[in-house]
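Naming convention: chains lettered A, B, ... in sequence-line order (proteins, then strands); numbering from 1 in each chain.
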Protein chains: 2
Amino acid sequence: MKESIKEISKLLSEKDIRPSHQRIKILEYLMDNRIHPTVDMIYNELHEEIPTLSKTTVYNTLNLFDEVDLVTTLSIDDNEARYDIVTENHGHFICKECSEIYDFPIDMNSLFGNQLNDFNIQEKHVYFNGICPRCSK
Amino acid sequence: MKESIKEISKLLSEKDIRPSHQRIKILEYLMDNRIHPTVDMIYNELHEEIPTLSKTTVYNTLNLFDEVDLVTTLSIDDNEARYDIVTENHGHFICKECSEIYDFPIDMNSLFGNQLNDFNIQEKHVYFNGICPRCSK
DNA sequence: GTTCCTGCAAAAGCTTTGCAGAAGA
DNA sequence: TCTTCTGCAAAGCTTTTGCAGGAAC
(Lines give C-alpha, C1' and ligand atoms only; values in the text may rest on other atoms or scores of the structure.)
Protein backbone atom coordinates (compact mmCIF):
# COMPACT_ATOMS: atom_id res chain seq x y z
CA MET A 1 0.00 0.00 0.00
CA LYS A 2 1.85 2.96 -1.39
CA GLU A 3 1.11 6.18 0.42
CA SER A 4 1.32 9.58 -1.19
CA ILE A 5 3.57 12.32 0.07
CA LYS A 6 0.47 14.22 1.10
CA GLU A 7 -0.83 11.37 3.18
CA ILE A 8 2.51 10.89 4.87
CA SER A 9 2.70 14.60 5.65
CA LYS A 10 -0.70 14.43 7.20
CA LEU A 11 0.34 11.47 9.31
CA LEU A 12 3.26 13.45 10.65
CA SER A 13 1.26 16.61 11.25
CA GLU A 14 -1.26 14.63 13.27
CA LYS A 15 1.57 13.68 15.57
CA ASP A 16 2.72 17.29 15.79
CA ILE A 17 5.82 16.56 13.76
CA ARG A 18 6.80 19.06 11.15
CA PRO A 19 6.83 17.22 7.82
CA SER A 20 10.32 17.97 6.61
CA HIS A 21 11.63 16.38 3.45
CA GLN A 22 13.92 14.01 5.38
CA ARG A 23 11.19 12.90 7.75
CA ILE A 24 8.76 12.26 4.94
CA LYS A 25 11.30 10.21 3.03
CA ILE A 26 12.24 8.14 6.07
CA LEU A 27 8.63 7.40 6.92
CA GLU A 28 7.92 6.61 3.29
CA TYR A 29 10.84 4.21 3.24
CA LEU A 30 9.56 2.46 6.36
CA MET A 31 6.10 2.10 4.89
CA ASP A 32 7.35 0.78 1.56
CA ASN A 33 10.02 -1.52 2.99
CA ARG A 34 8.64 -3.63 5.77
CA ILE A 35 11.87 -5.42 6.36
CA HIS A 36 12.69 -4.22 9.88
CA PRO A 37 15.56 -2.14 8.57
CA THR A 38 18.56 -0.97 10.56
CA VAL A 39 19.66 2.66 10.61
CA ASP A 40 22.35 1.76 8.13
CA MET A 41 19.92 0.25 5.66
CA ILE A 42 17.71 3.31 5.77
CA TYR A 43 20.65 5.66 5.49
CA ASN A 44 22.28 3.84 2.59
CA GLU A 45 19.09 3.63 0.61
CA LEU A 46 18.02 7.24 1.11
CA HIS A 47 21.50 8.67 0.80
CA GLU A 48 21.36 8.04 -2.94
CA GLU A 49 18.24 10.10 -3.24
CA ILE A 50 19.17 12.74 -0.67
CA PRO A 51 22.98 13.11 -0.90
CA THR A 52 23.11 15.59 1.99
CA LEU A 53 21.33 13.22 4.38
CA SER A 54 23.26 12.43 7.53
CA LYS A 55 23.06 9.44 9.78
CA THR A 56 22.41 11.76 12.71
CA THR A 57 19.17 12.81 11.09
CA VAL A 58 18.15 9.21 10.60
CA TYR A 59 18.81 8.54 14.27
CA ASN A 60 17.03 11.72 15.36
CA THR A 61 14.05 10.94 13.19
CA LEU A 62 13.69 7.34 14.29
CA ASN A 63 13.92 8.29 17.94
CA LEU A 64 11.26 10.90 17.33
CA PHE A 65 9.02 8.40 15.53
CA ASP A 66 9.50 5.96 18.37
CA GLU A 67 8.43 8.53 20.96
CA VAL A 68 5.15 9.19 19.20
CA ASP A 69 4.59 5.50 18.43
CA LEU A 70 4.98 5.79 14.69
CA VAL A 71 7.50 2.95 14.84
CA THR A 72 8.49 0.23 17.26
CA THR A 73 12.14 -0.24 18.07
CA LEU A 74 13.08 -3.90 18.16
CA SER A 75 15.89 -5.01 20.45
CA ILE A 76 16.19 -8.46 19.01
CA ASP A 77 19.45 -8.12 17.13
CA ASP A 78 22.63 -8.26 19.19
CA ASN A 79 24.36 -5.51 17.26
CA GLU A 80 21.93 -2.86 16.19
CA ALA A 81 18.36 -1.68 16.51
CA ARG A 82 15.65 -2.62 14.04
CA TYR A 83 12.62 -0.53 13.21
CA ASP A 84 9.18 -1.87 12.57
CA ILE A 85 6.22 0.11 11.38
CA VAL A 86 3.72 -2.70 11.27
CA THR A 87 1.40 -2.58 14.21
CA GLU A 88 -0.61 -5.75 13.74
CA ASN A 89 0.00 -8.73 15.94
CA HIS A 90 3.04 -10.64 14.85
CA GLY A 91 6.17 -12.22 16.19
CA HIS A 92 9.69 -12.10 14.78
CA PHE A 93 12.06 -14.85 13.84
CA ILE A 94 15.69 -13.77 13.56
CA CYS A 95 18.22 -16.05 11.90
CA LYS A 96 21.41 -16.53 13.87
CA GLU A 97 23.29 -17.03 10.64
CA CYS A 98 22.22 -14.19 8.35
CA SER A 99 20.34 -11.93 10.81
CA GLU A 100 17.38 -11.83 8.43
CA ILE A 101 14.10 -11.18 10.22
CA TYR A 102 10.87 -12.96 9.33
CA ASP A 103 7.42 -12.08 10.58
CA PHE A 104 4.95 -14.69 11.68
CA PRO A 105 1.38 -14.29 12.92
CA ILE A 106 0.78 -14.65 16.63
CA ASP A 107 -2.01 -13.42 18.83
CA MET A 108 -0.45 -11.13 21.39
CA ASN A 109 -3.77 -10.63 23.11
CA SER A 110 -3.71 -14.23 24.23
CA LEU A 111 -0.43 -13.57 26.01
CA PHE A 112 -1.14 -12.70 29.55
CA GLY A 113 1.49 -11.61 31.98
CA ASN A 114 0.38 -13.36 35.11
CA GLN A 115 1.79 -11.68 38.19
CA LEU A 116 2.09 -8.43 36.26
CA ASN A 117 -1.12 -6.93 37.57
CA ASP A 118 0.47 -3.77 38.84
CA PHE A 119 2.60 -3.28 35.73
CA ASN A 120 1.78 -0.83 33.01
CA ILE A 121 2.42 -2.98 29.95
CA GLN A 122 3.04 -0.88 26.84
CA GLU A 123 4.44 -3.36 24.34
CA LYS A 124 4.46 -7.11 23.95
CA HIS A 125 7.17 -8.78 21.92
CA VAL A 126 7.66 -12.35 20.86
CA TYR A 127 10.79 -13.37 19.10
CA PHE A 128 12.27 -16.69 18.16
CA ASN A 129 15.73 -17.35 16.91
CA GLY A 130 17.47 -20.20 15.16
CA ILE A 131 18.34 -20.99 11.56
CA CYS A 132 16.21 -19.94 8.63
CA PRO A 133 15.43 -22.29 5.73
CA ARG A 134 17.82 -20.54 3.38
CA CYS A 135 20.74 -20.98 5.77
CA SER A 136 19.79 -24.55 6.61
CA LYS A 137 20.67 -25.74 3.13
CA MET B 1 19.79 -23.26 45.68
CA LYS B 2 23.40 -22.69 46.45
CA GLU B 3 25.77 -24.87 44.49
CA SER B 4 29.15 -25.94 45.72
CA ILE B 5 32.36 -25.16 43.91
CA LYS B 6 32.70 -28.87 43.18
CA GLU B 7 29.29 -29.04 41.57
CA ILE B 8 29.96 -25.98 39.47
CA SER B 9 33.28 -27.41 38.33
CA LYS B 10 31.55 -30.59 37.31
CA LEU B 11 28.97 -28.60 35.35
CA LEU B 12 31.75 -26.90 33.44
CA SER B 13 33.72 -30.08 32.84
CA GLU B 14 30.65 -31.73 31.41
CA LYS B 15 30.59 -28.98 28.80
CA ASP B 16 34.30 -29.47 28.11
CA ILE B 17 35.16 -26.16 29.71
CA ARG B 18 38.19 -26.08 31.93
CA PRO B 19 37.00 -24.97 35.39
CA SER B 20 39.25 -21.99 36.00
CA HIS B 21 38.78 -19.85 39.06
CA GLN B 22 37.29 -17.00 37.05
CA ARG B 23 34.83 -19.22 35.21
CA ILE B 24 33.68 -20.90 38.38
CA LYS B 25 33.11 -17.58 40.09
CA ILE B 26 31.19 -16.16 37.14
CA LEU B 27 28.97 -19.21 36.90
CA GLU B 28 28.46 -19.18 40.65
CA TYR B 29 27.48 -15.53 40.50
CA LEU B 30 24.95 -16.26 37.76
CA MET B 31 23.44 -19.09 39.75
CA ASP B 32 23.19 -17.09 42.96
CA ASN B 33 22.00 -13.86 41.38
CA ARG B 34 19.14 -14.50 39.02
CA ILE B 35 18.72 -10.89 38.14
CA HIS B 36 19.66 -10.99 34.43
CA PRO B 37 22.87 -9.11 35.13
CA THR B 38 24.84 -7.07 32.64
CA VAL B 39 28.55 -7.59 32.08
CA ASP B 40 29.17 -4.56 34.23
CA MET B 41 27.17 -5.88 37.16
CA ILE B 42 29.05 -9.17 37.08
CA TYR B 43 32.39 -7.45 36.74
CA ASN B 44 31.82 -4.94 39.52
CA GLU B 45 30.62 -7.57 41.93
CA LEU B 46 33.40 -10.08 41.29
CA HIS B 47 36.13 -7.50 40.97
CA GLU B 48 36.04 -7.00 44.74
CA GLU B 49 36.69 -10.66 45.29
CA ILE B 50 39.11 -11.14 42.38
CA PRO B 51 40.97 -7.83 42.00
CA THR B 52 42.86 -8.98 38.93
CA LEU B 53 39.68 -9.86 37.05
CA SER B 54 39.27 -8.07 33.74
CA LYS B 55 36.17 -7.23 31.80
CA THR B 56 37.59 -9.05 28.81
CA THR B 57 37.47 -12.28 30.78
CA VAL B 58 33.88 -11.66 31.73
CA TYR B 59 33.03 -11.12 28.07
CA ASN B 60 35.03 -14.17 26.98
CA THR B 61 33.43 -16.34 29.61
CA LEU B 62 29.88 -15.27 28.91
CA ASN B 63 30.32 -15.79 25.20
CA LEU B 64 31.70 -19.23 25.94
CA PHE B 65 28.80 -20.06 28.26
CA ASP B 66 26.38 -18.89 25.62
CA GLU B 67 27.92 -21.16 22.99
CA VAL B 68 27.45 -24.24 25.13
CA ASP B 69 23.99 -23.14 26.31
CA LEU B 70 24.93 -22.55 29.92
CA VAL B 71 23.35 -19.11 29.66
CA THR B 72 20.94 -17.32 27.38
CA THR B 73 21.86 -13.91 26.09
CA LEU B 74 18.92 -11.55 26.20
CA SER B 75 18.70 -8.76 23.63
CA ILE B 76 15.90 -6.92 25.33
CA ASP B 77 17.77 -3.94 26.66
CA ASP B 78 18.65 -1.20 24.17
CA ASN B 79 22.10 -0.58 25.56
CA GLU B 80 23.68 -3.77 26.74
CA ALA B 81 23.27 -7.52 26.87
CA ARG B 82 21.69 -9.35 29.77
CA TYR B 83 22.49 -12.89 30.83
CA ASP B 84 19.99 -15.38 32.09
CA ILE B 85 20.78 -18.78 33.51
CA VAL B 86 17.24 -19.85 34.24
CA THR B 87 15.98 -22.28 31.69
CA GLU B 88 12.39 -22.74 32.76
CA ASN B 89 9.60 -21.16 30.78
CA HIS B 90 9.27 -17.51 31.58
CA GLY B 91 8.90 -14.15 29.94
CA HIS B 92 10.62 -10.89 30.79
CA PHE B 93 9.22 -7.51 31.61
CA ILE B 94 11.68 -4.65 31.25
CA CYS B 95 10.88 -1.26 32.72
CA LYS B 96 11.42 1.66 30.36
CA GLU B 97 12.20 3.87 33.30
CA CYS B 98 14.68 1.97 35.45
CA SER B 99 15.61 -0.93 33.10
CA GLU B 100 14.86 -3.41 35.87
CA ILE B 101 13.89 -6.82 34.54
CA TYR B 102 11.12 -8.93 36.06
CA ASP B 103 10.35 -12.54 35.26
CA PHE B 104 6.84 -13.80 34.80
CA PRO B 105 5.59 -17.30 34.07
CA ILE B 106 4.48 -18.05 30.55
CA ASP B 107 4.14 -21.30 28.69
CA MET B 108 6.45 -21.09 25.71
CA ASN B 109 5.31 -24.48 24.47
CA SER B 110 1.93 -23.02 23.71
CA LEU B 111 3.56 -20.50 21.41
CA PHE B 112 3.54 -21.86 17.93
CA GLY B 113 5.20 -20.18 15.04
CA ASN B 114 2.72 -20.74 12.29
CA GLN B 115 4.33 -20.44 8.89
CA LEU B 116 7.68 -21.35 10.45
CA ASN B 117 7.56 -25.01 9.48
CA ASP B 118 10.88 -25.01 7.68
CA PHE B 119 12.61 -22.99 10.37
CA ASN B 120 14.92 -24.49 12.96
CA ILE B 121 13.69 -22.72 16.08
CA GLN B 122 16.30 -22.73 18.83
CA GLU B 123 15.00 -20.20 21.33
CA LYS B 124 11.68 -18.58 22.06
CA HIS B 125 11.55 -15.24 23.83
CA VAL B 126 8.67 -13.20 25.14
CA TYR B 127 9.28 -9.78 26.49
CA PHE B 128 7.01 -6.97 27.50
CA ASN B 129 7.97 -3.43 28.29
CA GLY B 130 6.35 -0.52 30.04
CA ILE B 131 6.51 0.94 33.52
CA CYS B 132 7.04 -1.15 36.63
CA PRO B 133 5.03 -0.58 39.82
CA ARG B 134 7.92 1.07 41.62
CA CYS B 135 8.35 3.68 38.87
CA SER B 136 4.59 4.21 38.53
CA LYS B 137 4.38 5.85 41.92
C1' DG C 1 13.01 37.30 14.29
C1' DT C 2 12.56 33.29 16.49
C1' DT C 3 12.07 28.60 16.72
C1' DC C 4 12.98 24.24 14.91
C1' DC C 5 15.75 21.09 11.93
C1' DT C 6 19.87 19.30 9.79
C1' DG C 7 24.38 17.48 9.57
C1' DC C 8 29.32 17.59 10.67
C1' DA C 9 32.57 16.33 14.12
C1' DA C 10 33.50 14.57 18.34
C1' DA C 11 32.42 11.86 22.24
C1' DA C 12 30.42 8.05 24.72
C1' DG C 13 29.41 3.35 25.64
C1' DC C 14 29.43 -1.63 24.74
C1' DT C 15 31.99 -5.34 22.73
C1' DT C 16 35.75 -7.55 20.18
C1' DT C 17 40.53 -8.30 18.82
C1' DG C 18 45.68 -8.71 19.18
C1' DC C 19 49.02 -10.07 21.84
C1' DA C 20 52.22 -11.19 25.66
C1' DG C 21 52.67 -13.26 29.86
C1' DA C 22 50.74 -16.67 33.22
C1' DA C 23 48.65 -20.85 34.39
C1' DG C 24 47.55 -25.52 33.81
C1' DA C 25 47.82 -30.42 31.71
C1' DT D 1 56.59 -28.56 26.75
C1' DC D 2 52.59 -27.21 24.74
C1' DT D 3 48.13 -25.76 24.89
C1' DT D 4 44.80 -22.89 27.02
C1' DC D 5 43.45 -18.88 29.71
C1' DT D 6 43.82 -14.20 31.37
C1' DG D 7 44.02 -9.33 31.08
C1' DC D 8 45.89 -5.02 29.25
C1' DA D 9 45.58 -1.89 25.47
C1' DA D 10 43.74 -0.70 21.33
C1' DA D 11 40.36 -0.89 17.91
C1' DG D 12 35.59 -1.38 16.09
C1' DC D 13 30.67 -0.32 16.08
C1' DT D 14 26.48 1.69 17.16
C1' DT D 15 24.42 5.60 19.11
C1' DT D 16 24.37 10.18 21.34
C1' DT D 17 25.75 14.98 22.03
C1' DG D 18 27.39 19.79 20.98
C1' DC D 19 27.07 23.13 18.02
C1' DA D 20 26.78 26.13 13.92
C1' DG D 21 24.50 27.04 9.83
C1' DG D 22 20.10 26.73 7.43
C1' DA D 23 15.16 26.29 6.84
C1' DA D 24 10.54 27.15 8.11
C1' DC D 25 6.93 29.75 10.26
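Listed by chain and residue number, B:S75 satisfy the side-chain hydrogen bond (donor to acceptor under 3.5 Å, both in side chains) test with A:D78 (two or more places apart in sequence, or in another chain). With sequence neighbours excluded, the residues forming a side-chain contact (heavy atoms from CB on, under 4.5 Å) with B:S54 are B:T56, B:T57, listed by chain and number. Residues satisfying the ring pair (Phe, Tyr, Trp, His ring centres under 6.0 Å) test with B:H90, not counting sequence neighbours, are B:H92. Residues passing the side-chain contact (heavy atoms from CB on, under 4.5 Å) test with B:D118, sequence neighbours excluded: A:P133.
At whole-Å resolution of the value, CD1 in B:I50 and C1' in C:dA22 are 16 Å apart. Between the P atom of C:dA25 and the CG atom of B:D16 lies a distance of 14 Å, rounded to the nearest Å. Atom CG of A:L64 and atom C1' of D:dT17 are 17 Å apart (whole Å). One interatomic measurement links the two molecules: CG of B:D77 to P of D:dT15, which rounds to 13 Å at whole-angstrom precision. The interatomic distance linking B:I24 (CD1) with C:dA23 (C1') rounds to 14 Å, in whole Å. Regarding B:D78, its CG atom lies at a distance of 11 Å from the C1' atom of D:dT15, rounded to whole Å. B:R23 places its CZ atom 11 Å from the C1' atom of C:dG24, with the value rounded to the nearest Å.
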Could you go through residues 38-45 of chain A and list every donor-acceptor pair under 3.5 Å that involves a side-chain atom there, pairing it with any protein atom two or more places apart or in another chain?
| from | atom 1 | to | atom 2 | distance (Å) |
| --- | --- | --- | --- | --- |
| A:T38 | OG1 | A:D40 | N | 3.4 |
| A:T38 | OG1 | A:M41 | N | 3.1 |
| A:D40 | OD1 | A:K55 | NZ | 2.6 |
| A:Y43 | OH | A:H47 | ND1 | 3.4 |
| A:N44 | ND2 | A:D40 | O | 3.1 |

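Screening residues 114-137 of chain A for ring-ring contact (aromatic ring centres under 6.0 Å, His included) gives A:F104-A:F128, A:F119-B:F93, A:F119-B:Y102, A:H125-B:Y127, A:Y127-B:H125 as the qualifying pairs, with residues at least two apart or on separate chains. Every pair tested for ring-ring contact (aromatic ring centres under 6.0 Å, His included) that includes a residue from residues 59-83 of chain B fails, sequence neighbours excluded, so the list is empty.
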Along nucleotides 8-18 of chain C, 5' to 3', which nucleotides get a B, which get an S, and which get a -, given that the test is a protein heavy-atom distance under 4.0 Å?
-> BB----SBBB-
Nucleotide by nucleotide, 5' to 3', does protein get under 4.0 Å of the base (B), only the sugar-phosphate (S), or neither (-) in nucleotides 19-25 of chain D, counting heavy atoms?
-> -----S-
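For C:dA23, neither phosphate oxygen OP1 nor OP2 lies less than 4.0 angstrom from any side-chain nitrogen or oxygen of B:Q22. Checking the phosphate oxygens (OP1, OP2) of D:dC5, no side-chain nitrogen or oxygen of B:T57 falls inside 4.0 Å.
Although no hydrogens or angles enter the test, the distance criterion places a donor-acceptor pair under 3.5 Å between the side chain of A:R82 and the main chain of A:H36.
Around atom NZ of A:K15, more than 12 heavy atoms belonging to other residues, nucleotides or ligands sit under 6.0 Å away.
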